Amino acid sequence: MKALTWQGKRSVSVEEVPDPVIQEPTDAIVRITSTAICGSDLHLYEVLGPYMHKGDVIGHEPMGIVEEVGSAVTNLRPGDRVVVPFNISCGRCYMCEQGLQSQCETTQVKEKGSGAALFGYSELYGSVPGGQAEYLRVPHADYGPVKVGTELPDERYLFLSDILPTAWQAVEYADVRPGGTLAVFGLGPVGQFASRIGVHHGFRVVGVDPVPERREMAARHGVEVFDYTKTISDELREMTSGRGPDAVVDAVGMEAHGSPVAGFAHQALGLLPDKLAQKAMETAGVDRLAALHTSIDAVRRGGTLSLSGVYGGQASPMPMLTLFDKQIQVRMGQCNVRRWTDDLLPLVEDDADPLGVMDLVTHRSGLEGAPALYEKFQKKEDGCIKVVLNPGA
């Protein structure tokens, strides 16, 4: 089959790789009809390269048609249409029963000290072949995949794989009271959905991003939008009686854009042998923290900071005095996809499309166009906000 593979820093290519096969009784094989490029994939493209291996199949936002199931899978059959959550969870362990599927004890990558295995996301998360491919082996298919209807287009459902439940969890963790104000830093795909979910809940939502096209998209959905400037915290306080928003969602994460220090750290990591680079990642601060520190500054005293952006440095400095003095609650973590899918499924199937799932994709292609679109997405060129690939199209 054809699949998108990691070849090196800022280098991906479509290659012929072996077709996946059933390995365990709880496996399924899914023919991928749509798969998206996630902002988190750009971390593999850039700073997480030391944990990647040449030829790794990437991608963790897929959906498609079940082709084959293992003998223990009774909830699915060939021909079913499914969305595949990006984290691989068993549904039966202690963590899954707590609604913490991203910490699944059955698939935890214990040798790396990591949580549940993820599709297409480096040896940190199990080196499981990903979904930017024509076919995907899905472990624990007796629990993970979300069966969906056949009438609506893929894009109604596709984002249930990751970014929609990630955004939903971010807003749930933000714990905004009715009528409160939610600020969202970063209006990429997760930030777009977090903003819209806030509006759907009846909050006053402010979105902050330096990219005009992202601000324009968010504004279409009732979000008040601001450029990211040095005075943004003051602007947010000014519009909230001098206090700041009740909660802030940081949907930016460890991108190095706009941060010379973090950019240099990422470049330096790329020059080290993989094992040394891994050690540096595990002991050093390599994150771009401007958005995080601004979020801490902007949120009101006693407010909540919800982190959905991915951070990777173990020693990134945090303003502990400010966090303590302002009595800020901080919640974060990899999304527990299956915890939220039952809440979200009726919304994505609603004719009114209340979360605007049909107003997110800016670029589409077959697999062959993926390398160029990775570059375009990373550089934020051509208004690129969300990319969907259609293998076999």
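Because the structure is a prediction, the values reported are computed rather than measured. Quick note: residue numbers are just sequence positions, from 1.
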Geometric class of the Trp168/His200 ring pair [parallel <30°, tilted 30-60°, perpendicular >60°]: tilted
Shared hydrophobic cluster for Val249 and Leu360 (ILVMFWY, side-chain gaps under 4.5 Å): yes
Heavy-atom donor-acceptor pair, Thr107 side chain to Ile88 backbone, under 3.5 Å: yes
Within one Ile-Leu-Val-Met-Phe-Trp-Tyr cluster: Tyr135 and Leu4, side-chain cutoff 4.5 Å: no
Parallel, tilted or perpendicular: rings of Trp340 and Tyr173 (30°, 60°): perpendicular
Test log, rule side-chain contact (heavy atoms from CB on, under 4.5 Å), inputs Leu118 and His60: CA-CA 7 Å; Leu118 310 180; His60 60 269; 5.8 Å; no
Audit row: Leu305, Leu292, side-chain contact (heavy atoms from CB on, under 4.5 Å) steps and yes/no: CA-CA 9 Å; Leu305 173 60; Leu292 176 58; 3.8 Å; yes
Common cluster, Leu289/Val299, ILVMFWY with side-chain heavy-atom separation under 4.5 Å: yes
Distance in Å, Leu373 CG paired with Glu368 CD, rounded so as to fall on 0.5 Å steps: 9.5 Å
Gap between atom CG of Asp209 and atom CD of Glu216 - 0.5 Å precision: 11.5 Å
Glu15 atom CD, over 12 foreign heavy atoms within 6.0 Å: yes
Ion pair Arg339/Glu172, N-O distance below 4.0 Å: no
Residues Tyr374, Ile58; criterion side-chain contact (heavy atoms from CB on, under 4.5 Å); working and verdict: CA-CA 12 Å; Tyr374 260 82; Ile58 54 182; 3.4 Å; yes
Basic-acidic side-chain contact under 4.0 Å: Arg92, Asp142: yes
Side chain to side chain, Glu375 and Arg10, heavy atoms closer than 4.5 Å: no
Side-chain heavy atoms of Thr33 within contact of Met63, under 4.5 Å: yes
Donor-acceptor under 3.5 Å (Ser365 side chain, Leu389 main chain): no
Under 3.5 Å donor-acceptor, Ser89 side chain and Cys104 backbone: no
Residues, nucleotides or ligands: over 12 heavy atoms within 6.0 Å of Arg220 CZ: yes
Any donor-acceptor pair under 3.5 Å from Asp382 side chain to Cys384 backbone: no
Any side-chain heavy-atom pair of Glu134 and Arg31 under 4.5 Å: no
Considering all heavy atoms, the nearest Cys38-Asp162 contact: SG-OD2, 3.6 Å
Shortest non-hydrogen contact between Gly55 and Thr5, atoms and distance: O-CG2, 3.7 Å
Exercise: identify the closest heavy-atom pair between Ile328 and Thr322: CD1-O, 4.5 Å
Exam field: side chain Ser295 to backbone Val248, donor-acceptor pair closer than 3.5 Å: no
For Leu321, the rest of its hydrophobic cluster, which grows through side-chain links under 4.5 angstrom: none
Over all atoms of both residues, closest heavy-atom pair of Asp246 and Gly180: OD2-CA, 3.3 Å
Backbone N/O of Ala352 and side chain of Asp350: donor-acceptor pair under 3.5 Å: yes
Verdict with supporting geometry, Arg331 and Gln169, side-chain contact (heavy atoms from CB on, under 4.5 Å): CA-CA 10 Å; Arg331 296 199 69 183; Gln169 177 173 292; over 6 Å; no
Arg243 side chain reached by Arg301 side chain, heavy atoms, under 4.5 Å: no
Shortest non-hydrogen separation from Ala170 to Ser308 and the atoms involved: CB-CB, 3.9 Å
Side-chain donor or acceptor of Arg338 paired with backbone N/O of Gln101 under 3.5 Å: no
Under 3.5 Å donor-acceptor, Gln132 side chain and Val57 backbone: no
Single-linkage hydrophobic cluster Val176~Val223, side-chain heavy atoms < 4.5 angstrom: yes
Least distance between heavy atoms, Val109 atom then Ala117 atom: CG2-CA, 4.1 Å
Nearest-0.5 Å distance that lies between atom CD in Gln98 and atom SG in Cys93: 9.0 Å
Spatial distance of atom CG (Asp250) from atom OG (Ser306) [nearest 0.5 Å]: 9.0 Å
Minimum side-chain heavy-atom gap Pro62-Phe119 below 4.5 Å: no
Between NZ on residue Lys379 and CG on residue Leu42, distance to nearest 0.5 Å: 12.5 Å
Pairing of Lys386 and Glu155 as salt bridge, 4.0 angstrom limit: no
N/O donor-acceptor pair under 3.5 Å between Arg364 side chain and Val388 backbone: no
Check: Met217 main-chain N/O paired with Asp359 side-chain donor or acceptor under 3.5 Å: no
Glu151, CD: over 12 other non-hydrogen atoms inside 6.0 angstrom: no
Asp56 side, atom CG; Ser122 side, atom OG - distance, nearest 0.5 Å: 8.0 Å
Student check: side-chain heavy atoms of Leu44 and Tyr51 closer than 4.5 Å: no
Positive for side chain to side chain contact (heavy atoms under 4.5 Å, CB included) with Glu123, one of Met52, Glu111, His53: His53
Heavy-atom side-chain contact between Ile197 and Leu355 under 4.5 Å: yes
Close side-chain approach of Thr106 to His140, heavy-atom, < 4.5 Å: yes
Greater than 12 external heavy atoms within 6.0 Å of Gln327's CD: no
Residue pair Thr229 / Glu235, side-chain donor-acceptor N/O under 3.5 Å: yes
Neighbour count above 12 (heavy atom, 6.0 Å) for Lys230 NZ: no
Path from Val199 to Val190 over hydrophobic side-chain contacts below 4.5 Å: yes
Ion pair Lys326/Asp297, N-O distance below 4.0 Å: no
